[in-house]
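Naming convention: chains lettered A, B, ... in sequence-line order (proteins, then strands); numbering from 1 in each chain.
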Protein chains: 2
Amino acid sequence: MQEKNYLNLWPEPNYSIMKNLSVTININSDIYLKDPSTTELGKKILLNSITLIDKLGIEDFNFKKLAQRISSTESSVYRYFENKHYLFIYLINWYWNWTSIRIDIALQNLQDPDEKLKRIIKALIENSFINMDVPFIDEEVLHRIIVREGTKAYHHKTVDTDNDYGFFLAYKALCKKISLVLLEINPRYAYPKTLASTLLEVCNNNIYFAKHLPRLTDIKYNNDIKAMSNEIFDMLYAMTKANLLYKQ
Amino acid sequence: MQEKNYLNLWPEPNYSIMKNLSVTININSDIYLKDPSTTELGKKILLNSITLIDKLGIEDFNFKKLAQRISSTESSVYRYFENKHYLFIYLINWYWNWTSIRIDIALQNLQDPDEKLKRIIKALIENSFINMDVPFIDEEVLHRIIVREGTKAYHHKTVDTDNDYGFFLAYKALCKKISLVLLEINPRYAYPKTLASTLLEVCNNNIYFAKHLPRLTDIKYNNDIKAMSNEIFDMLYAMTKANLLYKQ
DNA sequence: TTGTAATGATAGTAATACTACTATTAAACA
DNA sequence: TGTTTAATAGTAGTATTACTATCATTACAA
């Protein structure tokens with residue numbers, strides 16, 4: 001049985017870097033018709049689509065219900081996004097961009113690749129680990145959506161055209177960033193990209209499984225998020241190191 | 001760089017066991033209204049829903065299009081399945097059940113757990129490795145659907161009620177089966193369930209990524225399925241063994 | 001011969017996913 | 001101050017989806 005190693009792992013990150021931080025999260029302009037982050041209605045659309053998708057799931061979410069909730073009209077919402085798939089893609093991209101920036105902050109002035117890996121994993125699990133308050137996005141609720149339905153962004157028939165439009169650049173960039181840290185730990189590792197994407201997916205999957213399909217994971221669901229995070233951290237860290245350092 | 005080890009790995013499995021094999025794949029009767037495997041129309045529904053979902057994706061697939069394709073009517077299709085979600089769940093369950101049975105066959109009379117693991121991975125990657133011709137299911141096309149959209153079966157808002165109905169029992173049973181083999185290799189391994197579910201997901205993900213999102217995987221897409229299978233096999237085997245044998 | 005299971009045919013409804021066009025307001029600019 | 005323009009609201013309408021209901025037809029089984 002592998003021993004727990006999360007205790008005292010986390011020197012508080014240097015929050016001062018982010019005190020007056022106003023990072024703008026840049027979203028591929030092909031995704032929207034009108035930039036929602038620039039207007040009042042646009043921000044209401046983002047904020048309320050998140051809470052409504054969280055409540056209904058994307059299948060049952062639609063622009064009519066959204067418009068009703070924000071006391072606007074369908075046609076107004078359609079001025080921002082061609083349809084709900086594009087809105088969903090926007091939210092996904094926002095999330096992965098945001099995660100990427102949080103990782104950048106968490107890794108600042110760090111040399112030790114192993115410490116970098118630890119902080120990356122921590123950032124993937126916990127929203128509170130380096131947070132930046134963006135007024136028109138509820139990161140915690142968005143995270144729940146990503147965990148539950150994020151992979152649907154690319155698991156469909158039109159993935160190739162979406163990919164041509166650059167809709168997955170944020171995810172791929174994040175994956176690249178992680179894989180470079182993995183290669184710092186072992187430059188001769190054969191599967192850095194697969195391990196990076198696996199890390200991202202296994203992280204979300206096991207959070208989801210712990211709550212909904214517990215027989216698919218060894219993580220025990222716990223209302224105390226902190227305790228569950230520690231468990232998931234240990235698992236992901238062990239998994240990553242095992243792959244990187246394994247000699248046949 | 002890890003060396004390739006797939007050469008001469010595969011003693012031909014004992015196909016004689018399956019020569020006159022008539023395995024019936026049992027599907028939870030809560031999934032359908034009328035058992036489609038018992039009637040002509042039912043079999044047409046299964047066969048053609050697979051090819052049509054493959055062609056359109058589940059989003060654009062519907063019962064009207066299916067009915068047209070089989071020269072039947074919507075109302076007739078609705079007599080078998082409450083809606084397309086249930087039909088999809090049926091196909092998913094069929095697939096995981098079928099995979100489970102193929103693994104059972106592949107592991108017959110085997111003692112060596114390492115050899116068992118190899119055959120499991122092989123069975124997950126390749127449909128042709130132990131095939132059983134079921135006349136009303138095109139396993140290869142179904143496999144493509146599972147790779148592309150399989151995880152959508154449980155990534156939605158109503159996962160808990162679906163789970164209560166037992167819609168994921170086949171997947172969980174398969175996961176359990178694999179995790180027991182993993183524990184044979186290392187009885188003290190801490191995360192057998194997570195590793196089993198990860199194996200299943202990473203396998204499908206990397207087949208999918210190789211074709212559609214190559215920057216998320218180290219597997220090179222290859223029209224020669226055999227060559228790609230070998231690459232994926234090596235990767236999954238290395239990944240599994242690394243996790244099972246890693247000492248902190 | 002009668003009953004019943006399986007399917008087909010037709011019709012209808014509520015919701016979804018849009019598109020189009022017009023009206024109103026408010027700020028910006030000349 | 002008057003005029004433009006951007007942003008939004010309001011209304012209406014269409015095609016498709018996702019069903020439900022009812023009745024007719026066939027076919028085989030008791």
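Within 4.0 Å of B:Glu82, counting heavy atoms only, lie sugar-phosphate atoms of the nucleic acid but no base atom. A:Lys65 comes within 4.0 angstrom of the backbone, heavy atoms only, and of no base.
Per the geometry, CG belonging to B:Asp60 stands 19 Å off P belonging to D:dA15, to the nearest Å. Between B:Phe61 atom CZ and D:dC19 atom P the separation is 12 Å, expressed in whole Å. The interatomic distance linking B:Phe63 (CZ) with C:dT7 (P) rounds to 14 Å, in whole Å. Between A:Leu33 atom CG and D:dA6 atom P the separation is 16 Å, expressed in whole Å. As a whole-Å value, the separation of B:Glu59 CD from D:dT16 P is 19 Å. The nearest whole Å value for the distance from the CD1 atom in A:Ile58 to the C1' atom in C:dT16 is 16 Å. Whole-Å rounding puts the B:Arg79 CZ to D:dT20 C1' distance at 11 Å. Taking atom CD of residue B:Gln68 and atom C1' of nucleotide C:dG8, one finds them 15 Å apart after rounding to whole Å.
Of all nucleotides listed (D:dC23, D:dC19, D:dA9), D:dA9 comes nearest to the side chain of A:Leu41. Minimum atom distance to the side chain of A:Tyr80 is reached by D:dT8, of the listed D:dT8, C:dT16, C:dA17. Between C:dT7, C:dC18, D:dA18, one nucleotide has an atom nearer to the side chain of B:Lys34 than all others, and that is C:dT7. For A:Glu74, whose side chain is taken as the heavy atoms from C-beta onward, the closest listed nucleotide among D:dT17, C:dA17, D:dA9 is C:dA17. Of the candidate nucleotides D:dT17, C:dA17, C:dC21, D:dT17 has the atom lying nearest to any side-chain atom of B:Asn62. Which of C:dT7, C:dC18, D:dA9 sits closest to the side chain of B:Thr39 comes down to C:dT7. Of the candidate nucleotides C:dC18, D:dC19, D:dA9, D:dC19 has the atom lying nearest to any side-chain atom of B:Tyr78.
A close approach under 4.0 Å does not occur between any side-chain nitrogen or oxygen of A:Ser72 and OP1 or OP2 of D:dT8. Phosphate proximity of C:dC18 to A:Lys64: absent, as no side-chain N or O sits under 4.0 Å from OP1 or OP2. Listed pair A:Thr73 / D:dG10 fails the phosphate criterion, with no side-chain N or O lying under 4.0 Å from OP1 or OP2.
Aromatic rings of A:Phe63 and A:Phe81 (six-membered ring for Trp) have centroids beyond the 6.0 Å cut-off, not under it. A distance of 6.0 Å or more separates the ring centres of A:Tyr86 and A:Tyr32.
Taking the six-membered ring for Trp and thresholds of 30 and 60 degrees, A:Trp98 and A:Trp94 have nearly parallel ring planes, at less than 30 degrees apart. Note: A:His85 and A:His156 have perpendicular aromatic rings, judged against thresholds of 30 and 60 degrees for the angle between ring planes.
Using a 4.0 Å cut-off between charged side-chain N and carboxylate O, B:Glu126 and B:Lys226 make a salt bridge. Using a 4.0 Å cut-off between charged nitrogen and carboxylate oxygen, A:Glu59 and A:Lys152 count as a salt-bridge pair.
With hydrogens and angles left out, the side chain of A:Ser75 and the base of D:dG10 share a donor-acceptor pair within 3.5 Å.
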